[in-house]
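Structure, as structure tokens:
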Amino acid sequence: MALSEQSSVQGSVREVLKEFQVSFFAMSRLPSFPWTFVEKDLQSSGSSELISQVLKQTCLHPLCRKFAPSVRYRRLFLSELIRRLEASGCEPLDELYDALAEVVGTEETTECYKSYLLPAGGAVSLMENIALISEGTTGLVTWEAALYLAEWALENQQVFAGRTVLELGSGAGLTGIAVCRSCSPKRFIFSDCHCRVLQKLRDNVQLNGLSEQTTPAVSVEKLDWTATSEEELREIGADIIIAADVVYDPDIAGSLAKLLSIVMRCSSAEVLPQVFVCSTIRNLETYGGFKQQLETEGVGHEVIPGPVNHVFPYNRQSAIELIKLCR
């Protein structure tokens, strides 16, 4: 094999291993993994070396020992690796069967870790609920618009650098933690109103090494959109306000529109915060109603181009829109 061709193959292997790692720790759907490359490698090489490397970047990686995806997910993933290896006729891999045996002997729980790898190194690791809706709230899992907004923030770090940032409806905390880890804000305030979500949010913030004593200084606050006053908003003193996947219910969207109108109204032109709202458009009527309510309150908006680089794995077929408010 020519040197240039060998280098190209090695580069492809590195990319595939990275894709496996990123997808595995975010618990992406198994069919989305690059299985075709694995099958071709098994057929051409007759060796289980690539499977061994995949295993080291996923189930045997130190991050998995510390913040493991769900038991069921790991079992299905390892079973799929075994199925592909056995179908190829390559030599069995003892460490693969040992990893499966360990997982099969582990009790399943209602919570698991998801980790989202950052471009500059490290990861945002979150404890999330396995069920999408749990304990009467959708705030215990990470939704697509949060990942979209986090990717946009990574490409627009100057927006947050040295600023005080307030996040509305922080949920599990992905976007805010990514901003804190990569965008150098001066201060970051996570907020939500559901007690269970707030407790999980505090746990995840702490899990990622953030606190009032760190840089940036971080706090987690209870913020009821229906009861927040102008005085409270002034006291927070946010330069930047962000929110992701919070426009999914007409009543909640209405409360958010009123709160944002207060933000825009009580701020002078010199200290008007930049407000960004990112939404997965599941229901056109609900989303259109939210924007109509903003206009009724005298708040305009512009659509902001989305992120260019694909950092986190999520369904990119979803209709997601990022808007910046103006008056």
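We're numbering straight along the sequence, starting at 1.
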| Chi angles and distances behind the side-chain contact (heavy atoms from CB on, under 4.5 Å) call for Leu260, Leu168 | CA-CA 10 Å; Leu260 294 176; Leu168 303 173; 3.9 Å; yes

| What's the verdict on salt bridge (charged side-chain N to carboxylate O under 4.0 Å, His left out) for Arg83 and Glu80, showing C-alpha distance, side-chain angles and the deciding distance? | CA-CA 5 Å; Arg83 187 180 75 79; Glu80 187 64 22; 2.8 Å; yes

| task | Please test Ser12 against Phe37 for side-chain contact (heavy atoms from CB on, under 4.5 Å), starting from the C-alpha separation and ending with a verdict. | result | CA-CA 9 Å; Ser12 297; Phe37 185 95; 3.9 Å; yes

| What do the steps show when you test Glu108 against Ser70 for side-chain contact (heavy atoms from CB on, under 4.5 Å), and what is the final call? | CA-CA 7 Å; Glu108 184 66 272; Ser70 76; 4.0 Å; yes

| request: Start with the C-alpha distance between Leu126 and Asn208, add both sets of side-chain angles, then the distance that settles side-chain contact (heavy atoms from CB on, under 4.5 Å), and finish with yes or no. | output: CA-CA 8 Å; Leu126 306 173; Asn208 286 273; 4.2 Å; yes

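A pairwise comparison of heavy atoms in Pro273 and Ile240 identifies CB-N, 4.5 Å as the closest pair. Between Tyr287 and Glu321 the shortest heavy-atom distance is OH-OE1, 2.7 Å. Nearest approach of Ser115 to Ala123, heavy atoms of both residues: CB-CB, 4.4 Å. Contact detail for Lys222 and Cys193: the closest heavy-atom pair is CE-O, 3.4 Å. The two residues Ser47 and Asp41 make their nearest non-hydrogen contact at O-OD2, 4.5 Å. Taking each heavy atom of Ala145 and Cys278 in turn, the nearest pair found is O-SG, 3.5 Å.
Both Trp225 and Val247 belong to a single network of hydrophobic side chains, linked directly or stepwise wherever heavy atoms of I, L, V, M, F, W or Y lie under 4.5 Å apart. Linking ILVMFWY residues whenever their side-chain heavy atoms come closer than 4.5 Å, directly or via other members, places Leu256 and Ile281 in the same cluster. Hydrophobic cluster membership is shared by Leu55 and Leu50, with clusters built from Ile, Leu, Val, Met, Phe, Trp and Tyr side chains linked at under 4.5 angstrom.
To the nearest 0.5 Å, atom CZ of residue Arg14 and atom CD of residue Gln57 are 12.0 Å apart. Between the CG atom of Leu147 and the OG1 atom of Thr175 there is a distance of 7.0 Å, given to the nearest 0.5 Å.
Residues Asp245 and Arg282 are paired through a salt bridge, judged by an N-O separation under 4.0 Å between the basic side chain and the carboxylate. Salt-bridge annotation for Lys291 and Glu295: absent, with no side-chain N of the basic residue lying under 4.0 Å from a carboxylate O of the acidic one. Salt-bridge formation is not detected for the pair Glu15/Lys18: no Lys NZ or Arg NE/NH1/NH2 atom is positioned less than 4.0 Å from an Asp or Glu carboxylate oxygen. A salt bridge is defined here as a Lys NZ or Arg NE, NH1 or NH2 lying under 4.0 Å from an Asp or Glu carboxylate O, and Glu111 with Arg196 meets this definition.
Under the 3.5 Å distance criterion, the side-chain polar atoms of Asp249 are matched with a main-chain donor or acceptor of Asp251. With Glu155 contributing its side chain and Asn309 its backbone, the two residues share a donor-acceptor pair below 3.5 Å. For Ser318 (side chain) and Ile320 (main-chain N/O), no donor-acceptor pair under 3.5 Å exists by modelled atom type. At least one donor-acceptor pair closer than 3.5 Å links the side chain of Glu128 to the backbone N or O of Thr142. Judged purely by atom type and a 3.5 angstrom limit, Asn283 has no side-chain atom pairing as donor or acceptor with the backbone of Tyr248. Judged by distance alone, the side chain of Ser229 and the main-chain N or O of Glu232 form a donor-acceptor pair under 3.5 Å. Within the 3.5 Å criterion, the main-chain N or O of Ser261 finds no donor-acceptor partner in the side chain of Arg327. Judged by distance alone, the side chain of Arg265 and the main-chain N or O of Val299 form no donor-acceptor pair under 3.5 Å. No donor-acceptor pair closer than 3.5 Å links the side chain of Thr58 to the backbone N or O of Gln21. Between the side chain of Asp192 and the main chain of Leu198, no donor-acceptor pair closer than 3.5 Å is present.
Heavy-atom neighbours of Glu86 CD from other residues, nucleotides or ligands within 6.0 Å: above the threshold of 12. The number of heavy atoms from other shown groups lying within 6.0 Å of CD (Gln158) is above 12. Crowding of Glu49 atom CD: a count of heavy atoms from other residues, nucleotides or ligands under 6.0 Å exceeding 12.
Arg74 places a side-chain heavy atom less than 4.5 Å from the side chain of Cys64. The shortest distance between side-chain heavy atoms of Pro92 and Leu85 does not fall below 4.5 Å. With contacts defined as side-chain heavy-atom distances shorter than 4.5 Å, the pair Ile189/Thr164 qualifies. You'll find the side chain of Trp35 reaches within 4.5 Å of the side chain of Phe20, heavy atoms only. Between Leu272 and Val263 the shortest side-chain heavy-atom distance does not fall below 4.5 Å. Within the 4.5 Å cutoff, no side-chain heavy atoms of Met127 are placed close to those of Asp203. Side-chain contact between Phe160 and Ile242: present, with at least one pair of heavy atoms (C-beta onward) separated by less than 4.5 Å. Looking only at side-chain heavy atoms (C-beta outward), Ser211 and Thr214 come within less than 4.5 Å of each other.
Side-chain contact check for Glu221 and Ser219: at least one donor-acceptor pair (N or O, by modelled atom type) lies under 3.5 Å.
For the pair Arg316 and Tyr314, the distance from NZ or CZ to the six-membered ring centre is under 6.0 Å and the angle to the ring normal is within 45 degrees.
Aromatic ring orientation, His61 versus Phe25: perpendicular (interplanar angle above 60°, classes split at 30° and 60°). Under the 30°/60° scheme for interplanar angles, the aromatic rings of Tyr116 and Phe312 are found to stand perpendicular. Ring pair Phe188/Phe190 is tilted by interplanar angle, where 30° to 60° counts as tilted.
Taking the six-membered ring where the residue is Trp, the centroids of Trp143 and Tyr148 are separated by 6.0 Å or more.
Not a single side chain to side chain donor-acceptor pair (under 3.5 Å) links Lys258 to another residue, sequence neighbours left out. With sequence neighbours excluded, the residues satisfying side-chain contact (heavy atoms from CB on, under 4.5 Å) with Lys324 are Gln274, Phe276, Glu302, Ile304.
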